[in-house]
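The next block holds one structure in the form of structure tokens; read it before the comments.
Scope of the values below: all heavy atoms of this structure, side chains included, with no hydrogens, waters or symmetry mates. These figures come from a predicted structure and were not determined experimentally. A, B, ... follow the sequence lines: proteins, then strands. Residue 1 opens every chain.
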Amino acid sequence: MMLKDTYCGDLRAAHDGQRVRLAGWVHRRRDHGGLIFIDLRDSKGIVQVVLSPNEPAAHAAAHRSRIEWVLAIEGVVRRRSAETLNPKMETGEIEVVPLSCTVLAEAQTPPFYINESADVEEQLRVKFRYLDLRRPEAAAWIRKRHEVVRFIREYLYALDFTEIETPTLIKSTPEGARDFLVPSRMRPGTFFALPQSPQILKQLLMVAGFEKYFQLARCYRDEDFRANRVAEHTQLDLEMSFVEPEDVMALIEALYTAIAEKFVPGAIQWQPFPRLDYQDCMARYGIDRPDLRYGLAFVDIGAAVGDSSFQVFANAFAAGGEAKAIRIPGKADMTRKEIDELTEVARSGGAKGLAYIGFAAELRSPIAKFLTPDEIEAIRASTGAQQGDLVVIVADQPAIVARSLFAVRDFIGDKLGLKDPSVLAFTWVTGFPLLEWHPDEGRWDATHNPFSGFHEEDRPLLDSDPGAVIAKQYDLVLNGVEIGGGSVRITNRADQAKVLTLMNHSPEAQQERFGVILDALEYGAPPMGGVGMGIERLMMALFNIGHIRDVTAFPKMSSGLDPMFGAPSEVDLAQIEELGLRLAPAPA
RNA sequence: GGCCCCGUGGUGUAGCGGCCUAACAUGUCACCCUGUCAAGGUGAAGAUCGGCAGUUCGAAUCUGCUCGGGGUCGCCA
């Protein structure tokens, strides 16, 4: 029989008079000498326990106990008198009067507060994560993640998806991110890799005929961390047979709409999710993951100032560049300091400067004297600027304009509070190029992954202009965060080989690295497509969580270290020798 | 690898050349206290200011290096 029959946090006025057995942690203790109040905490919440000297044994135990000790209490639930109600507590209408109080475990004073939400040094929190997670707010995100994941599973089960686990010890295919390697003892000198994603495996499951597969897959990439990126993360990995991009997008859109409606009702800003073409997206937002919670799209003012003699514009055009503007409504009166700040932001993206025109009662612009009145009017008209608006302009190479104006737009979005935290702006981005040229390496590379399919009408371009081939690729973006993406795959060996050849893989290398999937495509591969959706990023975007650590039960530091276990760590020499390895001398 | 920021009792902060024999809050410990709920009162303990080197008559404070942490760019098919 369990030591408890009731959760502290579940107690309500309806339990008045009931005899209950509770167990939990001392959250707070108020010892009046005579009466002792203990706030007892368990996984469901906190309830007040009142100990009077009338029960000397229980009273003594309570007197001895300290914060975070573990107690078992048998007692009677009692309604509180009117003047002692505590409306701040969910259980504040009642309290528990113990008949007995047993100390199940004593506890050291914790290294940081568990009963207050104070900012504690990250490393300390991570090192004592098992204490950090006692904080109800911290535990709540982990439970919330469970609920979201459970929702996803049940949703997909109902649609007849089969959940299948794939190996975490696979073959290294060094492409893109660095692999984590695992040395093999059975064959010294050889290595497994941890999967960066189960991409090839899920395609093989389609070849195997499962038709609808998913799993919540751990993915490993040995790259530097960011606030929303760590070495190991979980993705909803899903693949379907006999689909076109629309089918996969429809499924994911329905699933994500259902998730949003359940967990953040009414928050979706645009329905159905807007579709942005990659080229158009880059032209308007300078990034392939735009935050659509607010406007401030770029306007090309090339037509307005194409013949301008103003050197900045003329030079940019002469060098094949462009000029684009953002209209900031009502900000013509921005202070000099704020404009300098914006200019600095633009420079961080590579722009040489930031031109601006404030359409106040009097024109406010250091560049006005270089422009004709017609040109200024053309800028005003093309940007749709009204009286009181500020127009900022960058003229440079397209890549620099995109980066600079993206930085400016993003900065203004934060500065003016345009990123409404209560809103979910989903958007699809499609129409990505299949390949991009890497000048350093002198080869084409897949923009997403080498298995993405392409549109049949682009087939001739594979020979004549590979960069113009459009992939059957789709990314889902939420509030400026890429929360997932996928594609309909190449399912014919010749096409797959052709793409790999463009990526500069010799036939031998193709067979060595991708032989399994290439061979499999020769045994009747169905048309297939799928997605990989980041679970942590979904959680963060959905609930406005600032750091990926908050949705991870046992996170690592951004250095990739685990301060709790002290991993990674050295191992016994014997272990290394058994693996047929020898350590090189430490680099000087 | 580049750049920016941070490191002071258990925790969170203040101090930014001498007034520091390092302050405040909270926690901890002891005693008092029968209606508190961030309980209250009285008292006590607790830091050589991340480390090393330097500048200076004098360094928590200035400089350099280093270690650790956070962010960002590169990187992340």
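- One N or O donor and one acceptor, one from the side chain of A:R229 and one from the base of B:C76, sit under 3.5 Å apart.
- With respect to A:E341 and A:K415, a salt bridge is recorded, a charged nitrogen being found less than 4.0 Å from a carboxylate O.
- Within the structure, every side-chain polar atom (N or O) of A:R178 is placed at least 4.0 Å from both OP1 and OP2 of B:C75.
- Using a 4.0 Å heavy-atom cutoff across all strands shown, A:L85 reaches at least one base atom of the nucleic acid.
- Phosphate proximity of B:U36 to A:R30: absent, as no side-chain N or O sits under 4.0 Å from OP1 or OP2.
- Taking atom CG on A:L194 and atom P on B:C76, their separation rounds to 18 Å, with Å as the unit.
- The partner of B:C76 is absent, by the rule that a Watson-Crick or G-U pair needs both atom distances under 3.5 Å.
- Residues A:H547 and A:N228 have side chains that never bring a donor and an acceptor to within less than 3.5 angstrom of each other.
- Within the 4.0 Å cut-off from OP1 or OP2 of B:G71, at least one side-chain nitrogen or oxygen of A:S558 is found.
- Contact annotation for A:M89: base contact, defined as any heavy-atom pair under 4.0 Å involving a base atom.
- If you check the side chains of A:S452 and A:Q473, you find a donor sitting under 3.5 Å from an acceptor.
- Using a 4.0 Å heavy-atom criterion, one finds that A:R28 contacts the sugar-phosphate atoms exclusively.
- Side-chain atoms of A:Q48 and A:T91 form no donor-acceptor pair, as typed in the model, at a separation below 3.5 Å.
- Base pairing of B:A23: its partner is B:U13, meeting the Watson-Crick or G-U wobble criterion (both donor-acceptor distances under 3.5 Å).
- One P atom belongs to B:G18, the other to B:G58, and the distance between them is 14 Å to the nearest Å.
- Of the nucleotides present, none pairs with B:G35 by Watson-Crick or G-U wobble criteria with both distances under 3.5 Å.
- Put simply, CD on A:E68 is 14 Å from C1' on B:U11, counting in whole angstrom units.
- When heavy atoms are screened at a 4.0 angstrom cut-off, A:L124 is found touching the sugar-phosphate backbone but no base atom.
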Heavy-atom contacts, protein to nucleotides 26-35 of chain B, under 4.0 Å, summarised as B (base), S (sugar-phosphate only) or - (none) per nt, yield BSSSS--BBB
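- Judged by distance alone with a 3.5 Å cut-off, a donor-acceptor contact links the side chain of A:S197 to the base of B:A77.
- Closest heavy-atom contact between A:D179 and A:D222: O-CB, 4.1 Å.
- Figure legend. B:C65 is base-paired to B:G51; pairs are counted as Watson-Crick or G-U wobble with both atom distances under 3.5 Å.
- Of the candidate nucleotides B:G70, B:A77, B:C75, B:G70 has the atom nearest to the side chain of A:R549.
- Of all heavy-atom pairs between A:A520 and A:A525, the closest is O-CB, 4.5 Å.
- Side-chain contact between A:V551 and A:F543: absent, with no pair of heavy atoms (C-beta onward) separated by less than 4.5 Å.
- Pairing partner, B:G18: B:C57, with both Watson-Crick or wobble hydrogen-bond distances short of 3.5 Å.
- OP1 or OP2 of B:C73 lies within a sub-4.0 Å distance of a side-chain N or O belonging to A:R226.
- Here B:U72 presents its C1' atom at 12 Å from CG of A:N228, a figure rounded to the nearest Å.
- Side-chain atoms of A:R29 stay outside donor-acceptor range of the base of B:C37, with no qualifying N/O pair under 3.5 Å.
- Comparing the C1' positions of B:C3 and B:G50 gives a spacing of 23 Å, expressed to the nearest Å.
- Comparing B:A14 with B:A30, their P atoms sit 32 Å apart, to the nearest whole Å.
- Here the C1' atom of nucleotide B:C37 and the CG atom of A:N86 are 6 Å apart, to the nearest Å.
- Rounded to whole Å, the distance from CD on A:Q496 to P on B:A77 is 17 Å.
- The gap from the C1' atom of B:C37 to that of B:C5 amounts to 39 Å, rounded to the nearest Å.
- Using a 4.0 Å cut-off between a side-chain N of Lys or Arg and a carboxylate O of Asp or Glu, A:R12 and A:E90 qualify as a salt bridge.
- The side chain of A:H547 sits closest to B:G70 out of B:G70, B:C37, B:A77.
- Rounded to whole Å, the separation between the C1' atoms of B:U8 and B:A23 comes to 11 Å.
- Figure legend. B:G46 is base-paired to no nucleotide; pairs are counted as Watson-Crick or G-U wobble with both atom distances under 3.5 Å.
- Taking atom P in both B:U48 and B:G43, one finds a spacing of 26 Å when rounded to whole Å.
- Taking the six-membered ring for Trp and the full ring otherwise, A:F37 and A:H32 have centroids separated by under 6.0 Å.
- Taking atom CZ of residue A:R125 and atom P of nucleotide B:G12, one finds them 11 Å apart after rounding to whole Å.
- Atom P of nucleotide B:G10 and atom CD of A:E121 are separated by 13 Å, given to the nearest angstrom.
- Remark: the separation of the C1' atoms in B:A53 and B:A47 is 23 Å, to the nearest Å.
- OP1 and OP2 of B:G68 both lie 4.0 Å or more from every side-chain N or O belonging to A:S559.
- Rounded to whole Å, the distance from CD on A:Q108 to P on B:U11 is 14 Å.
- Two residues, A:L561 and A:R403, neighbour RNA chain B, and the one matched to the more 5' nucleotide by heavy-atom proximity is A:L561.
- Side-chain N/O atoms of A:T166 and A:Q215 include a donor and acceptor closer than 3.5 Å.
- Straight-line distance between the C1' atoms of B:C20 and B:G2: roughly 39 Å, to the nearest whole Å.
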